[in-house]
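Input: a single structure, listed below in structure tokens.
In this text, all values refer to a predicted model and were calculated from it rather than measured experimentally. Starting from 1, each residue takes its place in the sequence as its number.
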Amino acid sequence: MSTIPVINIHKCDGDGKCVAVCPNDVFEMYTLTKEQVKSFPFKGWLKVKIKGANKSNPVHSLNCIACGLCVENCHEHAIELISR
């Protein structure tokens, strides 16, 4: 069984700490489209308006070694490690 990181994009503020601390380059930053932002609930939409539309994405989730550094460094608690 492997563990992969899952990001709640409504919580993610896009500061990139997960990208910086990950030893296996699991994460990359991307920018939300206007359509994606429009689909957010009010709280998520407001966060985008204040913090910007950059979000983290675990594009190489199979490289995850479940060290937990991303979870520890996410002050928004937007990352969860899920067993699959």
Pair up each side-chain donor or acceptor in residues 57-68 with any protein partner under 3.5 Å, not counting sequence neighbours, and list the distances.
unit_1: H60; atom_1: NE2; unit_2: E28; atom_2: OE2; d: 3.3

Student check: side-chain heavy atoms of [X] and [Y] closer than 4.5 Å:
X	Y	answer
Q36	T33	yes
T3	I82	no
F40	L32	yes

Q. For A78 and C74, which heavy atoms make the closest approach, and how far apart are they?
A. N-SG, 3.2 Å
Q. With sequence neighbours excluded, what pairs up with S2 under the side-chain contact (heavy atoms from CB on, under 4.5 Å) test?
A.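 Partners of S2 under the side-chain contact (heavy atoms from CB on, under 4.5 Å) test: R84.
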Q | Straight-line distance of I79 CD1 to F27 CZ, nearest 0.5 Å | A | 4.5 Å
Q: Please collect all side-chain hydrogen bond (donor to acceptor under 3.5 Å, both in side chains) contacts where either partner lies in residues 37-51, sequence neighbours excluded, each pair once.
A: K47-E76
**Q.** Non-neighbouring partners of Y30 that pass ring-ring contact (aromatic ring centres under 6.0 Å, His included), sequence neighbours left out
**A.**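 Scan of Y30 (ring-ring contact (aromatic ring centres under 6.0 Å, His included), adjacent residues dropped) gives none.
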Would you mind writing out the side-chain donor-acceptor pairs for residues 12-21 within the sub-3.5 Å range, not counting sequence neighbours?
unit_1: D13; atom_1: OD1; unit_2: D15; atom_2: N; d: 3.2
unit_1: D13; atom_1: OD2; unit_2: H75; atom_2: NE2; d: 2.9
unit_1: D15; atom_1: OD1; unit_2: K17; atom_2: N; d: 3.1
unit_1: D15; atom_1: OD2; unit_2: H75; atom_2: ND1; d: 3.4

Q: Kindly work out whether a path of hydrophobic side-chain contacts (I/L/V/M/F/W/Y, heavy atoms less than 4.5 Å apart) joins L46 to V37.
A: yes
(Q) Taking L69 as the starting point, is it possible to reach V26 by hopping between hydrophobic residues whose side chains are less than 4.5 Å apart? (A)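 V26 and L69: separate clusters.
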Q) Taking only residues two or more places apart in sequence, or in another chain, which ones meet N54 in a side chain to side chain donor-acceptor pair (under 3.5 Å)? A) T31
Q.
For E80, give me all partners under side chain to side chain donor-acceptor pair (under 3.5 Å), at least two apart in sequence or on another chain.
A.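 Result, side chain to side chain donor-acceptor pair (under 3.5 Å) vs E80: none returned.
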Q: Would you list the pairs meeting salt bridge (charged side-chain N to carboxylate O under 4.0 Å, His left out) in which at least one residue belongs to residues 18-27, sequence neighbours left out?
A: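 Of all non-adjacent pairs touching residues 18-27, none passes salt bridge (charged side-chain N to carboxylate O under 4.0 Å, His left out).
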